[in-house]
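Note sheet for the following structure.
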Amino acid sequence: MPHPPDSRVDELLSAARTATGDELRSLTYFTEEDVEQLYLRSDLSRTADLVGFAESERHGFHAQSLYANTQLGDYQFTVRVFENGYLTRVIAGEHGVWVTTDSMEMDRFEELASALSSILRSFAPE
């Protein structure tokens with residue numbers, strides 16, 4: 001599957017936009033096999049290595065099982081901090097997204113992850 005179901009692209013983007021506002025930089029959907037950038041803010045260039053990013057973020061599929069049944073509880077999301085922004089990865093089953101943003105308060109990352117996770121869980125199994 002090269003991208004999420006067409007009916008879900010707008011839903012993912014709307015959820016990301018609602019949680020992040022103008023701080024949203026990009027939204028990228030990925031699976032074990034595919035990656036597709038669904039949104040890129042107009043002031044940013046398309047120079048990111050999506051395949052390289054996807055390789056790193058796909059480790060989250062394995063992490064779901066590694067963290068299962070621990071005293072920490074279920075894995076929810078990952079936030080990576082960079083000099084010029086943040087990357088939030090959310091995975092549910094066989095579907096994942098990462099969102100890049102400008103600086104935000106931590107509770108907004110939690111809102112973002114919760115909204116995106118709910119949408120991803122609603123995807124039909126592959």
Side-chain angles (χ1 to χ4, degrees):
M1 170 188 269
H3 56 80
D6 291 337
S7 62
R8 302 298 184 154
V9 172
D10 289 338
E11 196 174 354
L12 288 167
L13 185 54
S14 177
R17 172 67 71 198
T18 298
T20 63
D22 292 338
E23 284 80 13
L24 181 63
R25 294 170 66 97
S26 69
L27 171 66
T28 305
Y29 171 83
F30 67 102
T31 64
E32 285 281 5
E33 297 83 28
D34 296 306
V35 60
E36 181 180 356
Q37 190 165 60
L38 304 177
Y39 171 80
L40 180 67
R41 196 168 67 193
S42 63
D43 64 325
L44 301 172
S45 66
R46 293 195 173 271
T47 58
D49 176 12
L50 293 181
V51 173
F53 270 72
E55 282 305 308
S56 177
E57 299 312 322
R58 285 182 179 120
H59 292 291
F61 291 118
H62 181 62
Q64 288 182 105
S65 62
L66 287 176
Y67 293 122
N69 302 315
T70 69
Q71 292 181 12
L72 292 171
D74 292 335
Y75 165 82
Q76 294 182 354
F77 66 99
T78 300
V79 176
R80 300 184 196 288
V81 180
F82 296 89
E83 180 179 357
N84 295 319
Y86 296 81
L87 182 145
T88 304
R89 177 188 69 208
V90 180
I91 292 176
E94 299 174 4
H95 307 273
V97 292
W98 75 76
V99 177
T100 61
T101 64
D102 295 328
S103 182
M104 302 187 310
E105 295 295 320
M106 184 54 75
D107 60 337
R108 291 177 64 201
F109 289 109
E110 292 171 358
E111 291 171 22
L112 171 66
S114 177
L116 294 174
S117 180
S118 177
I119 295 166
L120 291 174
R121 283 193 307 269
S122 72
F123 286 13
E126 295 181 353

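Nothing fancy with the numbering, it's 1 onward along the sequence. All values reported here derive from a predicted model rather than from experimental measurement.
- Under the 3.5 Å distance criterion, the side-chain polar atoms of Arg58 are matched with a main-chain donor or acceptor of Thr31.
- If you chain together hydrophobic residues whose side chains sit under 4.5 Å apart, Leu72 and Leu66 never meet in one group.
- Heavy atoms only, all atoms of each residue included: Leu40 and Ser26 are closest at CD1-CB, 4.0 Å.
- The main-chain N or O of Ile119 is found under 3.5 Å from a side-chain atom of Ser122 such that the two form a donor-acceptor pair.
- Remark: Asp43 CG to Arg25 CZ distance equals 7.5 Å, nearest 0.5 Å.
- Annotation: the span from Leu44 atom CG to Ser42 atom OG amounts to 8.0 Å, rounded to 0.5 Å.
- Atom CG of residue Leu38 and atom CG of residue Leu27 lie 4.5 Å apart, to the nearest 0.5 angstrom.
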Check against side chain to side chain contact (heavy atoms under 4.5 Å, CB included), Glu105 and Glu23 | CA-CA 11 Å; Glu105 295 295 320; Glu23 284 80 13; over 6 Å; no

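- The backbone N or O of Ser14 sits less than 3.5 Å from a side-chain atom of Thr18, completing a donor-acceptor pair.
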Side chain to side chain contact (heavy atoms under 4.5 Å, CB included) evaluation trace for Val35 with Thr28 = CA-CA 7 Å; Val35 60; Thr28 305; 3.5 Å; yes

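- Sorted by first and then second residue, the pairs that involve residues 40-68 and meet ring pair (Phe, Tyr, Trp, His ring centres under 6.0 Å), not counting sequence neighbours, are Phe30-Phe61, Phe53-Trp98.
- From Glu11, atom CD reaches atom CG of Leu120 across 9.5 Å, with rounding to the nearest 0.5 Å.
- The minimum heavy-atom distance between Ala115 and Ala15, with the atom names listed, is CB-CB, 4.0 Å.
- A side chain to side chain contact (heavy atoms under 4.5 Å, CB included) with Leu112 holds for exactly one of Val97, Thr88, Val90; it is Thr88.
- A salt bridge does not link Arg108 with Glu111: every distance from a Lys NZ or Arg NE/NH1/NH2 to an Asp or Glu carboxylate oxygen is 4.0 Å or more.
- Considering every non-hydrogen atom in both Tyr86 and Phe109, the closest pair reads CG-CZ, 3.5 Å.
- Taking a 6.0 Å sphere around CG of Asp107, one finds it holds more than 12 heavy atoms contributed by other residues, nucleotides or ligands.
- Looking at every heavy atom in both residues, Leu12 comes nearest to Leu116 through O-CD2, 3.6 Å.
- A single hydrophobic cluster is seen to contain both Val99 and Met106, as judged by linkage of ILVMFWY side chains at heavy-atom distances under 4.5 Å, directly or through other members.
- Contact between Arg41 and Leu24 at its shortest, heavy atoms only, is CD-O, 3.3 Å.
- Closest approach of Asp102 and Asp22 over heavy atoms only: OD2-O, 4.2 Å.
- When only modelled atom types and interatomic distance are considered, Arg8 and Tyr29 share no side-chain donor-acceptor pair under 3.5 Å.
- For Glu32, the CD atom counts as densely surrounded, since its 6.0 Å shell holds more than 12 non-hydrogen atoms of other residues, nucleotides or ligands.
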